[in-house]
Amino acid sequence: MYLGAIEAGGTKFVCAVGDASGKILATERIATETPEITMEKVIKFFMNFKIEALGIATFGPVDLDPESGTYGTITSTPKQGWANYPLLKTMKKKLSLPVGITTDVNGAALGELYRGAGKGLNGCLYLTVGTGIGGGAISEGHVLQGMSHPEMGHILLRRHPNDQEFEGICPYHKDCLEGLASGPALQARWGKPARALPSDHSAWEIEADYLAQALMQYVLIVSPKRIILGGGVMKQAQLFPLIREKLRLYLNNYVAFPELNADIDAYVVPPALGDNAGITGALILAKQSLVK
Ligand code: ADP
Ligand code: ZN
């Protein structure tokens with residue numbers, strides 16, 4: 001049985017065909033241009049295979065309320081042509097198949113939970129720290145969902161003592177987590193791309209502080225079984241021990257589980273699937289959409 005998967009991003013759509021075991025048999029990368037141009041190529045790719053269902057992990061914001069008339073529609077993106085684009089409806093109509101849709105980070109959480117760094121658990125939280133910051137959580141096998149999907153990147157934090165001047169770059173909130181700690185925020189604060197900052201630069205201590213504050217709040221509110229930190233900025237591996245240490249200090253044993261103390265190295269972890277987390281999750285979503 002063949003299943004289809006799309007990881008829809010701001011720069012590219014990764015399309016894949018795989019089987020029910022998660023094995024990927026074919027992939028194609030298609031540039032994100034206007035929906036007309038991109039979606040024609042996406043549909044053409046899937047027409048080459050006899051897939052039985054499709055899963056989509058997409059950039060957002062996207063309407064994920066199944067009761068809504070615009071379920072599966074991209075909502076308020078600045079990306080040219082994509083605001084109000086009915087992604088789910090279009091794919092259902094063109095392929096006449098069951099199609100599941102979720103956010104890119106929910107997709108990555110699903111992929112990591114079932115086939116990556118969360119294997120053996122029934123829940124986890126996945127946070128990407130890249131061009132933007134976003135998180136998805138799975139609890140007891142269910143993707144956390146309310147009015148729509150969570151927006152974990154836009155929470156407010158306490159300022160680091162050595163970071164009082166930088167305004168923050170979030171167009172909505174200025175110094176929310178994304179405004180202070182995303183890749184473009186690092187670039188704006190330090191005047192060079194994040195990847196060009198040496199690993200012993202003071203940037204990373206501040207970065208780890210903000211991420212640890214965020215993780216503290218996720219721990220307190222969602223109580224995730226494991227936290228997986230992905231995205232371009234997290235390629236700075238020195239961040240992991242700093243974040244774990246600061247998370248412990250911030251929690252101060254208020255939640256005194258081994259996961260948050262002696263076993264914290266196994267609690268805050270990098271993705272095991274690397275850049276394939278999202279597409280792997282989309283494939284899982286395709287399979288799940290068959291049984292619904
Ligand atoms: P996106 O979020 O656009 O899907 P990424 O997760 O790759 O893509 O994030 C891109 C951001 O991550 C950019 O702001 C870039 O500067 C930053 N980045 C990429 N690689 C590194 C690295 N090795 N170290 C620090 N920052 C990086
Ligand atoms: Zn914000």
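Everything numeric in this text was worked out from a predicted model, so none of it was measured. As the structure lists them, so they are numbered: ligands from 1, and atoms in each ligand from 1.
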- Distance from atom 9 (O) of ligand 1 to nearest protein heavy atom, with residue and atom: Gly130 CA, 3.2 Å
- Item | Distance from atom 8 (O) of ligand 1 to nearest protein heavy atom, with residue and atom | Thr131 OG1, 3.9 Å
- Note on the structure: The closest protein heavy-atom partner of atom 24 (N) of ligand 1 is Gln236 NE2, 2.8 Å
- Task: If you have a sec, work out which protein heavy atom is nearest atom 21 (C) of ligand 1 and how many Å separate them, to one decimal?
- Result: Gly232 O, 3.2 Å
- Just heavy atoms, cut-off under 4.0 Å: does Ser182 contact ligand 1 by side chain, backbone, both, or neither? neither
- Message: Taking the six-membered ring for Trp, are Trp82 and Phe13 closer than 6.0 Å centroid to centroid?
- Response: yes
- For atom 15 (C) of ligand 1, which protein heavy atom lies nearest, and how many Å away is it? Gly183 CA, 4.8 Å
- So which bit of Ala194 gets within less than 4.0 Å of ligand 1, heavy atoms only: side chain, backbone, both or neither? both
- Might you check, step by step, whether the distance between atom 4 (O) of ligand 1 and some protein heavy atom is under 4.0 Å? no
- Item | Donor-acceptor pair between Thr103 and Asn106 side chains, under 3.5 angstrom | yes
- Query: Could Lys119 and Tyr114 be counted as a cation-pi pair, given that NZ or CZ must be under 6.0 Å from the ring centre and within 45° of the axis?
  - Reply: no
- Note on the structure: For Gly231, the atoms of ligand 1 under 4.0 Å from one of its heavy atoms are 6 (O)
- Item | Atoms in ligand 1 with a heavy atom of Lys235 nearer than 4.0 Å | 23 (N)
- How does Arg195 reach ligand 1, by side chain, by backbone, by both or by neither, if only non-hydrogen atoms under 4.0 Å count? both
- For the Zn ion (ligand 2), angle spanned by His173 ND1 and His154 ND1 (nearest 10°) is 110°
- Exactly one candidate in Ile133, Leu125, Leu177 meets side-chain contact (heavy atoms from CB on, under 4.5 Å) with Met152; the answer is Leu125
- Same apolar cluster: Tyr126 and Leu229, side chain cutoff 4.5 Å: no
- Can you sort out which atoms of ligand 1 are near Pro184, meaning under 4.0 Å from one of its heavy atoms? 14 (O)
- Message: Whether the Asp63 and Ser68 side chains hold a donor-acceptor pair (N or O, under 3.5 Å, no angle test) is what I'd like checked.
- Response: yes
- Message: Looking only at the side chains, is there a donor atom on one of His160 and Glu205 sitting less than 3.5 Å from an acceptor on the other?
- Response: yes
- Where is the tightest heavy-atom contact between Lys50 and Tyr2, given as atom of each residue plus distance? O-CB, 3.6 Å
- Val14 and Arg29: which non-hydrogen atoms are nearest, and at how many Å? CG2-NH1, 3.8 Å
